[in-house]
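First up is the structure itself, then whatever we jot down about it.
Side-chain atoms are counted along with the backbone in the values below, which use heavy atoms only and exclude waters and symmetry mates. By convention in this document, chain letters (A, B, ...) are assigned in the order of the sequence lines, proteins followed by strands, and residues within each chain are numbered from 1.
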Amino acid sequence: MTQTEPLLLYNTLKREKQVFVPQDPNHVTLYVCGPTVYSYAHIGNARPPVIFDLLYNLLSSRYPKVIYARNITDVDDKINAAAAEQKVSIDVISKRYTDIFHEDMAALGIGQPSIEPRATNHIPQMINMITRLITSGHAYEAEGHVLFSVESFDDYGSLSRRDVADMIAGARIEVADFKKHPGDFVLWKPSLEPQPGWDSPWGWGRPGWHLECSVMSEQHLGETIDIHGGGQDLVFPHHENEIAQSVCAHGGKIFARYWMHNGFVTFNKRKMSKSLGNTLVIHELLKHTAGEVLRYLLLSAHYRQPLDWSEQTLTRVQRTVDRVYGVIRDANEKYGPLKAAHDPSNKFMSALLDDLNTPEALAELNNEARCLANADDAETAHAAAGRLLAAGALIGLFQQDPQSWLTGDTEGLDDALIEQLIDERNTSRKERNFARADDIRDQLQAMGICLEDVADGTRWRRSSDQ
RNA sequence: GGCCAGGUGGCAGAGUGGUCAUGCUGCGGCCUGCAAAGCCGUCUACGCCGGUUCGAUUCCGACCCUGGCCUCCA
């Protein structure tokens with residue numbers, strides 16, 4: 001049923017939702033700009049990986065083969081600066097933060113992309129592309145640099161809707177005098193001794209920062225890719241420059257057919273960014289918040305909208321996720337082990353197929369949770385749970401054991417002590433010593449433990465409040 | 001200055017030309033020894049001003065406000 005419904009994606013190129021039609025349904029290609037590994041990733045950095053992980057899941061449910069490439073930028077001046085500051089080699093920096101990035105992404109339930117190419121593994125290919133661009137008249141050498149000539153490419157500015165002429169007027173930085181046009185950007189630049197470098201026809205140097213994505217997508221996905229994604233701040237200049245490089249290197253062939261850009265995570269309505277110093281590092285957040293809660297939170301707003309962060313948001317999502325897990329646990333106990341159905345509900349799928357409308361999809365998921373809680377026979381319960389768990393599987397939520405979810409995150413708690421107190425309370429209850437029983441409940445409450453008296457005894461869970 | 005988003009109920013956040021988003025919170029109820037969990041009910045929502053329309057939060061225009069990009073940035 002759902003297979004016949006089209007997938008709509010908002011294409012930044014056209015500024016409208018379009019029906020997604022792959023150039024080859026048997027080989028769908030997706031490229032997403034990955035991290036520059038020079039420090040910890042903040043929660044805003046996790047938004048594209050979560051969104052495109054979901055898109056990858058969705059595409060994989062409809063097409064037999066989807067290749068998803070997400071690069072690692074491991075040559076960059078910020079890495080050089082971090083290495084210099086910490087007096088270690090750049091490899092140490094990029095290895096350390098690549099590993100941490102992987103840990104963080106795994107905690108958020110993000111699967112590995114099909115390919116994770118690294119810039120430093122593609123230097124010869126970069127040199128090759130630069131050579132092609134020079135030969136075809138789109139790039140020129142000047143004072144040890146190689147620059148892309150924006151005036152050589154008529155469509156320059158089409159993605160970001162910018163006029164090349166405006167760029168001169170609006171230029172806020174000092175323009176290097178060897179540039180033919182202020183908008184020309186670096187493909188290759190000379191390196192000085194502490195900086196990393198490679199031999200090239202233009203001397204010892206390193207690549208400019210836009211080149212790697214053009215080169216790696218060409219090598220791993222081909223000259224024309226289906227979908228290219230990233231944050232809205234990459235539209236200009238990064239993606240604009242990628243288009244210029246790739247289209248000119250490929251004799252005018254279209255580079256990416258659909259461009260998708262996510263909005264920012266904001267903090268007090270301001271963009272979260274390292275330069276503003278208002279970032280929340282994922283690695284820190286994970287110390288007291290489950291990755292699944294962060295994932296739900298990141299999906300709770302539509303991907304193109306800003307997502308404002310606050311402590312209240314975190315608490316709210318924690319409670320929502322706890323509630324759904326509680327419903328699943330109760331149904332599990334009542335109706336036996338519940339299993340995911342083959343497919344989520346049509347409403348859920350329709351929401352996702354409409355440009356990844358995750359808030360609507362989550363609303364539907366919550367409706368199914370309520371449906372499950374209201375079920376009063378096994379058949380209804382299994383049907384509701386099947387839809388709920390299938391939806392969760394696609395979107396990357398509610399796949400953990402509900403019992404361990406509700407009791408699990410209790411570091412520093414002594415299970416034996418909890419059980420002992422519960423026994424003592426139940427003894428008091430039998431003796432109708434309710435004052436004593438309530439004291440014990442309060443004592444456990446203070447420990448962050450919430451008691452629930454059910455038909456066959458007393459069970460406990462950690463409190464939803466942090 | 002140029003370009004681009006957005007202003008929805010106590011809060012978060014979808015959506016629609018004329019019935020319901022959903023979540024969190026508050027309030028009332030069911031249940032409970034009391035609770036918790038869950039369920040049910042509930043709280044004059046659509047920035048401002050005009051226009052189109054039988055009817056606009058939804059379409060059109062003006063205005064106000066917020067944020068983003070134009071420099072590294074997810």
Side-chain angles (χ1 to χ4, degrees), chain A residues 12 15 32-36 38 41-52 76-78 81 157 160-163 165-167 169-174 183 209 229-238 240 261-266 268-276 279 296-297 300-310 312-313 315-324 326-327 329-331 347 351 354 357-367 369-370 372-374 376 406 429 432-435 437-438 441-442 445 449-454 458-461 463-464:
Chain A
T12 308
R15 311 286 164 119
V32 175
C33 291
T36 301
Y38 71 103
H42 62 72
I43 190 67
N45 297 132
R47 206 172 183 193
V50 168
I51 289 157
F52 292 104
D76 180 274
D77 287 353
K78 289 191 289 291
S160 56
R161 312 227 162 155
R162 253 162 246 266
D163 194 85
D166 290 345
M167 269 174 253
R172 277 159 45 184
I173 53 160
E174 210 171 312
W209 72 294
Q232 271 167 1
D233 48 359
L234 297 183
V235 174
F236 188 89
H238 187 55
E240 199 71 73
H261 293 97
N262 63 273
F264 306 120
V265 174
T266 59
N268 294 327
K269 305 290 180 190
R270 304 299 305 275
K271 177 185 176 185
M272 189 182 284
S273 74
K274 284 170 184 166
S275 50
L276 287 173
T279 61
Y296 191 113
L297 196 159
S300 68
H302 182 81
Y303 78 89
R304 282 188 282 113
Q305 294 306 125
L307 175 62
D308 200 46
W309 183 278
S310 72
Q312 296 91 300
T313 317
T315 309
R316 182 194 327 135
V317 172
Q318 175 78 249
R319 288 185 185 175
T320 304
V321 175
D322 282 352
R323 196 195 85 251
V324 175
V327 166
R329 176 196 58 181
D330 290 353
K347 279 179 91 173
D354 182 13
N357 191 336
T358 52
E360 197 174 309
L362 290 174
E364 185 53 24
L365 201 147
N366 277 291
N367 284 334
R370 181 158 15 87
L372 177 60
N374 278 331
D376 46 16
L406 292 167
R429 289 172 72 208
R432 305 197 67 78
N433 182 356
F434 295 122
D438 291 348
R441 184 212 299 290
D442 293 344
Q445 187 70 50
I449 298 299
C450 186
L451 295 186
E452 298 174 15
D453 294 327
V454 288
T458 299
R459 66 190 180 193
W460 61 273
R461 63 200 282 179
S463 167
S464 288

Quiz item: Shortest non-hydrogen contact from Ser160(A) to Phe236(A)?
Solution: OG-CD1, 3.4 Å
Quiz item: Is the count of non-hydrogen atoms from other residues, nucleotides or ligands lying under 6.0 Å from Arg15(A) atom CZ greater than 12?
Solution: yes
Quiz item: Which whole number of Å gives the distance between the C1' atom of rG15(B) and that of rU22(B)?
Solution: 11 Å
Quiz item: Could you give the CG-to-C1' distance, from Asn262(A) to rC69(B), as a whole number of Å?
Solution: 14 Å
Practice problem: Check Gly44(A) against Val265(A) and note the closest heavy-atom contact, atom names and distance. | Solution: CA-CG2, 3.6 Å
Quiz item: Out of rC39(B), rG15(B), rG33(B), which nucleotide sits closest to the side chain of Arg429(A)?
Solution: rG33(B)
Quiz item: Looking only at N and O atoms, is any donor in the side chain of Asp453(A) or the base of rC34(B) less than 3.5 Å from an acceptor on the other one?
Solution: yes
Quiz item: Heavy atoms under 4.0 Å, any strand shown: does Gln305(A) hit a base, just sugar-phosphate, or nothing?
Solution: sugar-phosphate
Practice problem: Report which part of the nucleic acid Val32(A) touches: base, sugar-phosphate, or nothing (heavy-atom distance under 4.0 Å, all strands). | Solution: nothing
Exercise. Could you work out the separation of rA21(B) and rU58(B) based on their C1' atoms and round it to a whole Å?
Key: 15 Å
Quiz prompt | Rounded distance (nearest 0.5 Å) linking atom CD1 of Ile51(A) with atom CZ of Arg304(A) | solution = 10.5 Å
Quiz item: Heavy atoms under 4.0 Å, any strand shown: does Gly44(A) hit a base, just sugar-phosphate, or nothing?
Solution: base
Practice problem: Take atom CZ of Arg304(A) and atom P of rA14(B), then tell me their distance rounded to the nearest Å. | Solution: 10 Å
Exercise. Go through the steps to decide whether Asp453(A) and Arg429(A) satisfy the test side-chain contact (heavy atoms from CB on, under 4.5 Å), and finish with yes or no.
Key: CA-CA 11 Å; Asp453(A) 294 327; Arg429(A) 289 172 72 208; 3.3 Å; yes
Exercise. Look at the side chain of Val327(A) and decide which nucleotide, out of rC34(B), rG38(B), rA12(B), has an atom nearest to it.
Key: rG38(B)
Quiz item: Just how far, in rounded Å, is C1' of rC24(B) from CG of Asp322(A)?
Solution: 13 Å
Exercise. Give the nucleotide from the list rU22(B), rC24(B), rC72(B) with an atom nearest to the side chain of Arg323(A).
Key: rC24(B)
Quiz item: Taking atom C1' of rC72(B) as reference, at what distance in whole Å does atom CG of Asn45(A) sit?
Solution: 13 Å
Quiz item: On RNA chain B, nearest-nucleotide positions of Arg329(A) versus Thr313(A): which is more 5'?
Solution: Thr313(A)
Quiz prompt | 5' priority, RNA chain B, between Asp308(A) and Arg162(A) [closest heavy atom] | solution = Asp308(A)
Practice problem: Could you measure between the two P atoms, the one in rA5(B) and the one in rC59(B), and give it in whole Å? | Solution: 14 Å
Quiz item: Is Thr266(A) touching bases, backbone alone, or none of the nucleic acid, heavy atoms closer than 4.0 Å?
Solution: nothing
Self-check item: Rounded distance in Å between the C1' positions of rU19(B) and rC30(B)
Solution: 27 Å
Practice problem: Compare the minimum distances between each of rC72(B), rA36(B), rC11(B) and the side chain of Trp209(A), then state the nucleotide with the smallest one. | Solution: rC72(B)
Self-check item: Under 3.5 Å donor-acceptor, Asp308(A) side chain and Lys269(A) backbone
Solution: yes
Exercise. Among rC3(B), rG15(B), rA74(B), find the nucleotide with the atom closest to the side chain of Val265(A).
Key: rA74(B)
Quiz item: side-chain contact (heavy atoms from CB on, under 4.5 Å) between Glu364(A) and Asn357(A): does it pass, once the steps are laid out?
Solution: CA-CA 11 Å; Glu364(A) 185 53 24; Asn357(A) 191 336; over 6 Å; no
Quiz item: So what does Phe236(A) hit on the nucleic acid, given a heavy-atom distance under 4.0 Å: a base, only sugar-phosphate, or nothing?
Solution: sugar-phosphate
Practice problem: Using a heavy-atom cut-off of under 4.0 Å over every strand shown, decide if Asn366(A) touches base, sugar-phosphate, or nothing. | Solution: sugar-phosphate
Quiz item: Separation of Asp376(A) atom CG from rC40(B) atom C1', in whole Å?
Solution: 14 Å
Quiz item: Under a 4.5 Å cut-off applied to non-hydrogen side-chain atoms, are Leu307(A) and Ser300(A) in contact?
Solution: yes
Quiz item: If you take all heavy atoms of Thr266(A) and Pro306(A), which pair is closest and at what distance?
Solution: CG2-CB, 4.2 Å
Quiz prompt | Nearest-Å distance for atom pair CD1/P, residues Ile51(A) and rA74(B) | solution = 14 Å
Quiz item: Which value, in whole Å, describes the distance between the C1' atoms of nucleotides rG18(B) and rG13(B)?
Solution: 24 Å
Self-check item: Euclidean distance, atom CD1 of residue Ile449(A) to atom C1' of rA37(B) [Å, nearest integer]
Solution: 15 Å
Exercise. Could you work out the separation of rA56(B) and rG41(B) based on their C1' atoms and round it to a whole Å?
Key: 30 Å
Quiz prompt | Among rA12(B), rA74(B), rC72(B), the one nearest Arg316(A) by side-chain distance | solution = rA12(B)
Quiz item: Between Arg370(A) (CZ) and rC39(B) (P), how many Å, whole number?
Solution: 7 Å
Quiz prompt | Candidate nucleotides rA14(B), rC24(B), rG33(B), ranked by approach to the side chain of Arg319(A) - the nearest | solution = rC24(B)
Quiz item: Is any side-chain N or O of Asn374(A) closer than 4.0 Å to OP1 or OP2 of rC40(B)?
Solution: yes
Practice problem: Would you mind classifying the nucleic acid contact of Leu234(A) as base, sugar-phosphate or nothing, using non-hydrogen atoms under 4.0 angstrom? | Solution: sugar-phosphate
Quiz item: Want to know the stems of RNA chain B: at least 3 consecutive Watson-Crick or G-U pairs with distances under 3.5 Å, which are they?
Solution: B:1-7 with B:64-70, B:10-12 with B:22-24, B:26-30 with B:38-42, B:49-51 with B:59-61
Quiz item: Looking only at heavy atoms, which two atoms of Ala301(A) and Pro359(A) are closest? And how far apart?
Solution: C-CG, 3.6 Å
Quiz prompt | base_contact_polar (rC73(B) base, Lys271(A) side chain, donor-acceptor, <3.5 Å) | solution = yes
Quiz item: Does Arg15(A) place a side-chain N or O at less than 4.0 Å from the phosphate oxygens OP1/OP2 of rA5(B)?
Solution: no
Practice problem: Answer yes or no: does atom NZ of Lys274(A) have more than 12 heavy-atom neighbours from other residues, nucleotides or ligands under 6.0 Å? | Solution: yes
Practice problem: Just call it for His42(A): base, sugar-phosphate, or nothing, with non-hydrogen atoms closer than 4.0 Å on any strand. | Solution: base
Quiz item: If you check every side-chain atom of Phe434(A), which of rG67(B), rG33(B), rG23(B) has the closest atom?
Solution: rG33(B)
Quiz item: Roughly how far apart, to the nearest Å, are rG50(B) and rG38(B) at atom P?
Solution: 46 Å
Quiz item: How is Asn367(A) classified with respect to the nucleic acid when contacts are heavy atoms under 4.0 Å: base, sugar-phosphate, or nothing?
Solution: sugar-phosphate
Practice problem: Describe the nucleic acid contact of Glu452(A) in one word from base, sugar-phosphate, nothing, applying a heavy-atom distance below 4.0 Å. | Solution: base
Quiz prompt | Selection from rA21(B), rC34(B), rC73(B) that lies nearest to any side-chain heavy atom of Asp438(A) | solution = rC34(B)
Self-check item: Spacing of the P atoms in rC46(B) and rG7(B) (rounded, Å)
Solution: 14 Å
Practice problem: Return yes if the base of rC34(B) and the side-chain atoms of Arg441(A) contain a donor-acceptor N/O pair under 3.5 Å, otherwise no. | Solution: yes
